[in-house]
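Reading through the structure tokens given below for one structure.
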Amino acid sequence: LSGGRVMDKSTTLYTITAAGSLYTAHMLLAPRFYLSQAKIDENFDTIGLCRGLGGGIIGLTSMAYMAAKSSSEELKLAALCSGATAFVAWTVNNACALPPVL
């Protein structure tokens with residue numbers, strides 16, 4: 001943000017596409033690394049869950065990419081809202097995993 005300007009929808013969607021592509025690759029190609037960093041047991045089930053999440057992430061990522069390439073403002077808004085919903089759910093899930101403060 002410079003001079004009070006906000007990124008346009010297409011730039012935001014391309015940014016989501018880049019980040020989503022990296023995260024998808026991480027979840028699909030290196031689930032053991034992700035699990036070890038999160039201190040989660042590495043087994044057949046948790047590796048499968050990581051790869052399943054990667055599938056969901058790639059779905060949101062491909063929607064963001066297609067919307068970024070489209071001239072439809074409604075499609076761009078739908079993709080941004082879907083991404084925002086997923087990001088909020090992911091954040092709440094991570095917050096629930098934190099140890100209680102009190």
Side-chain angles (χ1 to χ4, degrees):
L1 297 172
S2 61
R5 294 178 28 200
V6 177
M7 263 197 293
D8 64 80
K9 290 176 186 158
S10 290
T11 303
T12 304
L13 289 163
Y14 281 124
T15 302
I16 291 169
T17 299
S21 296
L22 292 172
Y23 197 34
T24 296
H26 183 66
M27 296 300 273
L28 294 177
L29 303 175
R32 283 182 165 81
F33 179 74
Y34 174 83
L35 292 167
S36 69
Q37 294 298 303
K39 296 181 174 76
I40 297 172
D41 290 338
E42 299 171 37
N43 59 52
F44 181 80
D45 292 331
T46 57
I47 290 169
L49 283 172
C50 279
R51 290 191 174 134
L53 289 171
I57 296 162
I58 201 167
L60 285 168
T61 301
S62 67
M63 182 177 175
Y65 177 74
M66 289 185 284
K69 300 289 277 180
S70 174
S71 61
S72 170
E73 289 298 312
E74 284 127 4
L75 179 57
K76 291 178 194 296
L77 182 61
L80 288 168
C81 289
S82 293
T85 301
F87 296 144
V88 167
W90 179 77
T91 301
V92 169
N93 182 60
N94 286 331
C96 291
L98 294 172
V101 176
L102 299 175

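Everything numeric in this text was worked out from a predicted model, so none of it was measured. Sequential numbering from 1 along the given sequence is applied to the chain's residues. What you see below is based on every heavy atom in this structure, not just the backbone, and it leaves out hydrogens, waters and symmetry mates.
In terms of heavy atoms, Ser21 sits closest to Thr17 at OG-O, 2.7 Å. What you find for Gly55 and Leu28 is that their closest heavy atoms are N-CD2, 4.3 Å. Nearest approach of Leu35 to Asp41, heavy atoms of both residues: CD1-O, 4.3 Å. Nearest heavy-atom pair across Ile57 and Gly20 is CG2-O, 3.7 Å. Counting all heavy atoms, side chain and backbone alike, Gly59 lies closest to Ser62 at O-OG, 3.0 Å. In terms of heavy atoms, Ala86 sits closest to Leu60 at CB-CD1, 3.4 Å.
Residue Met7 holds its CE atom at 13.5 Å from NZ of Lys9, rounded to the nearest 0.5 Å. In this structure, the separation between SG on Cys50 and CZ on Arg32 is 10.5 Å, given to the nearest 0.5 Å. Remark: Leu29 CG to Arg51 CZ distance equals 8.0 Å, nearest 0.5 Å. How far OG of Ser72 is from CE of Met66: 12.5 Å, rounded to the nearest 0.5 Å.
For the 3.5 Å distance criterion, the side chains of Ser70 and Lys76 fail to qualify, holding no donor opposite an acceptor.
Under the 4.5 Å side-chain contact rule for hydrophobic residues, Met27 and Ile40 share a cluster. Ile47 and Tyr23 fall within the same hydrophobic cluster, where Ile, Leu, Val, Met, Phe, Trp and Tyr residues are linked whenever their side-chain heavy atoms come under 4.5 Å apart, directly or through other members. Leu49 and Trp90 sit in two unconnected hydrophobic clusters of ILVMFWY residues. Membership requires side-chain heavy atoms under 4.5 Å apart, directly or through other members. When the side chains of ILVMFWY residues are joined at heavy-atom separations under 4.5 Å, either directly or via intervening members, Tyr14 and Leu80 end up in two distinct hydrophobic clusters.
Under a cut-off of 6.0 angstrom, the local environment of CG in Asn43 is crowded, with over 12 non-hydrogen atoms contributed by other residues, nucleotides or ligands. Remark: Glu74 CD is loosely packed, at most 12 non-hydrogen atoms of other residues, nucleotides or ligands lying under 6.0 Å away.
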